[in-house]
2 protein chains.
Amino acid sequence: MSSDSKLSGDKATVHKVTVHEVAKYAGVSISSVSRALSDHPHVSNALRTRVRSAALSLGYRPDFLAHSLRSGTTYSVGFVVGTISNPIMADISASLGNVLADHDYAMMLLSSQNKPELETTYLRFLAHRQVSGLVISTAADGATQAAELIHGLGIPTVMLDRQRPPGSHVSAVQSDHRSGMQAAVAHLLSRGHRRIALIGGQEFFDPARERLAGFHTAMQEADIAIDPELVRCMGMSKTVGYTETRSLLASSNPPTALIAGGNLILAGVLQALQELKVAVGRDLALVGCDDTELTRLYSPPITVIARDLALMGETTAWLLLETIANRAGRTVVLPTQLIIRDSSS
Amino acid sequence: MSSDSKLSGDKATVHKVTVHEVAKYAGVSISSVSRALSDHPHVSNALRTRVRSAALSLGYRPDFLAHSLRSGTTYSVGFVVGTISNPIMADISASLGNVLADHDYAMMLLSSQNKPELETTYLRFLAHRQVSGLVISTAADGATQAAELIHGLGIPTVMLDRQRPPGSHVSAVQSDHRSGMQAAVAHLLSRGHRRIALIGGQEFFDPARERLAGFHTAMQEADIAIDPELVRCMGMSKTVGYTETRSLLASSNPPTALIAGGNLILAGVLQALQELKVAVGRDLALVGCDDTELTRLYSPPITVIARDLALMGETTAWLLLETIANRAGRTVVLPTQLIIRDSSS
DNA sequence: GAAAATCCAGGAATCGTTTCCAGAATTGAA
DNA sequence: TTCAATTCTGGAAACGATTCCTGGATTTTC
């Protein structure tokens, strides 16, 4: 079955087996072949088995493109991501792609580089290819623009780590950043810290807003006034992490603990701390978001607000398949978990 | 042009504009429309402009699936990768995908989890979808198996960081691991190290073999005998890095410098060193392979044999497009560069 | 000025399926 | 036994493009 035809590799004259040949071989009509193979009702057992065996012995597989054209379903989904170089997205993408492949879906990956205009370009690109579904973690600023486009396209979609926009064909997978942040703050408070700084994304960005809310709640619950100087919600980037860390530590009354509200921010924070010769864990307690190779292997290992990224990818896949089938969008919120390591002791 | 039809999102009754409508609108035949739009010769200027403007004002775009079916080209390429969670692959994938998208190609990403059987499954999966091209970094053990399959499929392919197997439709992008390793060894020797250990992959794995060769060459050139106890080519995994590091450092005559021949290995090495309380850079000089966030941010920053991963992705894309066009496979070797940091001073 | 060459546009076949429609065969009920 | 209901099957029309083939309109050439 595998290497029946000359595997020349240069001529590649495999003579595709078509439904026509199967029909002739089995002595039936084309339409009967199609029906027999796709489990239609009203097909006699005799005919079904005859066609089945004919197809098998000829090695027939329906042409993918012809099938797509006729049926209108491409069995492929588009994944628009800020950048796959972000280890979070890489982990999610891995499990997402695997579950999809298990269901015979192909995943087309496109990196928008967090540029809203590239995002819409790619969404149209994917729409033109008639993908059966979309997964997207929209850029921080182009959120409404993308949401409108997705709404207009009418393609079943899962928003990744974003709020669910209106539209019955769009779902969302979110993380419980708020609780995670509350746990992190509570942990630092229990270690005696009172001056806790937070570097995060801007408030219009869903995950950043949730984290900030959790921060406020936890501090209020402990009855501790927040020094506004210590809260720096400027953007989800390495640059922000770097700049704000230097600024915070240069102050006359620096924080004793720092929470980096995003893995990109953490990278900037670490670089700044290294340059300033600040010993992580001794001079400054540090908590990051999302568990990566870096946080696990760093010396000392870094406490993080983690989430199960593989689970997140799988959930996204399942939710997308569900939304494709039902066209009834919904939101799924996954838990976060505080992993305490040496950086905050 | 953008939002002309009701963007209900729930009904999505966009009434596709077909070549038929354009023909009727322009008052010409269907075949003329197709020719006028695809720049065929033998089409009068008058007709061309008429059709063009008709298509424009109707907002016509050729149906992707119909085009694919008829022409046989899908404008999509498959990328089979061990795991996208490997930051190297993530970086390569990002630029690869972007260049491909610039040329209207979609990239289908599949993670084989380094299992040869999944690899072949995915290759067949992609072949069934009639991808125009393939990019693959085969698993260490299933190399020949995959090479044979690729040869048989006859699909233009670029092997990533692997040797080019025979077949006029297959190319390869490689890195000059050998020179990189020579430079690393020379660097350590110049720092006074004589007992240099190497943990790497098995010899049947192309990059590992090249690195080992570079290691031998550099030591021979310096006229230093290699202690076979210090060379551990056991596999490209975190586990190997961890186990071999512990074994090396438990020896009665431990190395003063260690080269981790792969980024996964490095992860294991770092974990072992952390557990053993060995200070990187002071107690043991350390050199890794491939520059990642981890090596840049680690404290102290880690010396690495680096390569331009973005360039590698772009080169892969260009080479694939070339191979699709020419069907004349060739090999491109990209340089490596030693980046000296505090871990080896 | 006529024959040959060339340019242009339309009709129809094709790519390989799925599905509608209608007719034949079978079954069931009266 | 007959008529209606049902089950099954084949022919042909989609899906939406590209391309071959052919004939008419131009142009070239002697």
Side-chain angles (χ1 to χ4, degrees), chain A residues 12-55 58-76 104 127-132, chain B residues 12-55 58-76 104 127-132:
Chain A
T13 170
V14 276
H15 183 61
K16 247 183 120 21
V17 182
T18 75
V19 70
H20 201 97
E21 330 230 345
V22 179
K24 200 164 65 183
Y25 187 93
V28 297
S29 82
I30 299 210
S31 42
S32 295
V33 173
S34 176
R35 268 180 305 229
L37 292 180
S38 42
D39 272 330
H40 267 252
H42 305 327
V43 164
S44 71
N45 269 329
L47 190 132
R48 186 186 340 268
T49 57
R50 189 136 58 100
V51 169
R52 281 268 159 82
S53 84
L58 288 178
Y60 168 75
R61 285 193 70 183
D63 180 86
F64 189 79
L65 295 172
H67 175 87
S68 291
L69 173 60
R70 186 60 235 250
S71 68
T73 76
T74 56
Y75 272 84
S76 47
D104 278 324
H128 182 231
R129 298 179 92 102
Q130 302 176 44
V131 291
S132 312
Chain B
T13 170
V14 277
H15 183 60
K16 247 185 118 21
V17 182
T18 76
V19 69
H20 200 97
E21 331 231 344
V22 179
K24 201 164 65 182
Y25 187 92
V28 297
S29 82
I30 301 214
S31 43
S32 297
V33 173
S34 176
R35 270 180 304 228
L37 292 180
S38 41
D39 272 332
H40 265 253
H42 305 327
V43 67
S44 71
N45 269 331
L47 189 132
R48 187 187 338 269
T49 58
R50 191 135 59 98
V51 169
R52 282 267 159 82
S53 84
L58 288 178
Y60 169 75
R61 285 192 69 184
D63 180 86
F64 188 79
L65 296 172
H67 175 89
S68 291
L69 173 59
R70 188 59 235 253
S71 68
T73 76
T74 56
Y75 272 85
S76 47
D104 278 323
H128 182 230
R129 298 180 93 101
Q130 302 176 42
V131 292
S132 313

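In what follows, every chain begins at residue 1, and chains take the letters A, B, ... in the order their sequences are listed. Owing to the predicted nature of the structure, the values given are computational and were not obtained by experimental measurement.
To the nearest 0.5 angstrom, A:R35 atom CZ is 10.0 Å from A:H42 atom NE2. Here OG1 of A:T18 is found 9.5 Å from CG of A:D63. Values are rounded to the nearest 0.5 Å.
Among the atoms of the strands shown, base atoms are found under 4.0 Å from some heavy atom of B:S31. Nucleic acid contact class of B:F64 (heavy atoms, under 4.0 Å, all strands): none. If you check every strand for non-hydrogen atoms under 4.0 Å, A:S34 touches a base. Heavy atoms of A:R61 sit under 4.0 angstrom from primed sugar atoms or phosphate atoms, though from no base atom.
Separating the CG atom of B:N45 from the C1' atom of C:dA9 is a distance of 15 Å, rounded to the nearest angstrom. Rounded to whole Å, atom C1' of C:dA12 lies 12 Å from atom CZ of B:R35. The CD-C1' distance, from A:Q130 to D:dC15, rounds to 10 Å in whole Å. Distance, A:H67 NE2 to D:dC15 C1': 12 Å, rounded to whole Å. Note: CG (A:D63) to P (D:dC15) measures 19 Å, nearest angstrom. With rounding to whole Å, B:L47 atom CG is found 16 Å from D:dA25 atom P. One can place CG of B:L65 at 15 Å from P of C:dG16, the figure rounded to the nearest angstrom. For the pair B:I30 CD1 and C:dA12 P, the interatomic distance rounds to 12 Å; values are reported in whole Å.
Here A:H42 does not reach the OP1 or OP2 of D:dT9: none of its side-chain N or O atoms lies under 4.0 Å away. In terms of phosphate contacts, B:S32 brings no side-chain nitrogen or oxygen within less than 4.0 Å of OP1 or OP2 of C:dA9. Within the structure, every side-chain polar atom (N or O) of A:H20 is placed at least 4.0 Å from both OP1 and OP2 of C:dG16. At least one side-chain nitrogen or oxygen of A:S44 sits closer than 4.0 Å to the OP1 or OP2 atom of D:dT9. Within the structure, every side-chain polar atom (N or O) of A:Y60 is placed at least 4.0 Å from both OP1 and OP2 of C:dG16.
Taking only distance into account, the side chain of A:R70 never meets the base of C:dT17 through a donor-acceptor pair shorter than 3.5 Å.
Under a cut-off of 6.0 angstrom, the local environment of NE2 in B:H20 is sparse, with at most 12 non-hydrogen atoms contributed by other residues, nucleotides or ligands.
Note on ring orientation: taking the six-membered ring where Trp is involved, the planes of A:H67 and A:Y75 are tilted (angle from 30° to 60°).
Checking D:dG16, C:dG16, D:dT9 against the side-chain heavy atoms of A:T18 singles out C:dG16 as nearest. Of the candidates D:dG16, C:dT17, C:dG10, D:dG16 carries the atom nearest the B:L69 side chain, counting heavy atoms from C-beta on.
Side-chain atoms of B:S32 and B:S29 include a donor-acceptor pair closer than 3.5 Å.
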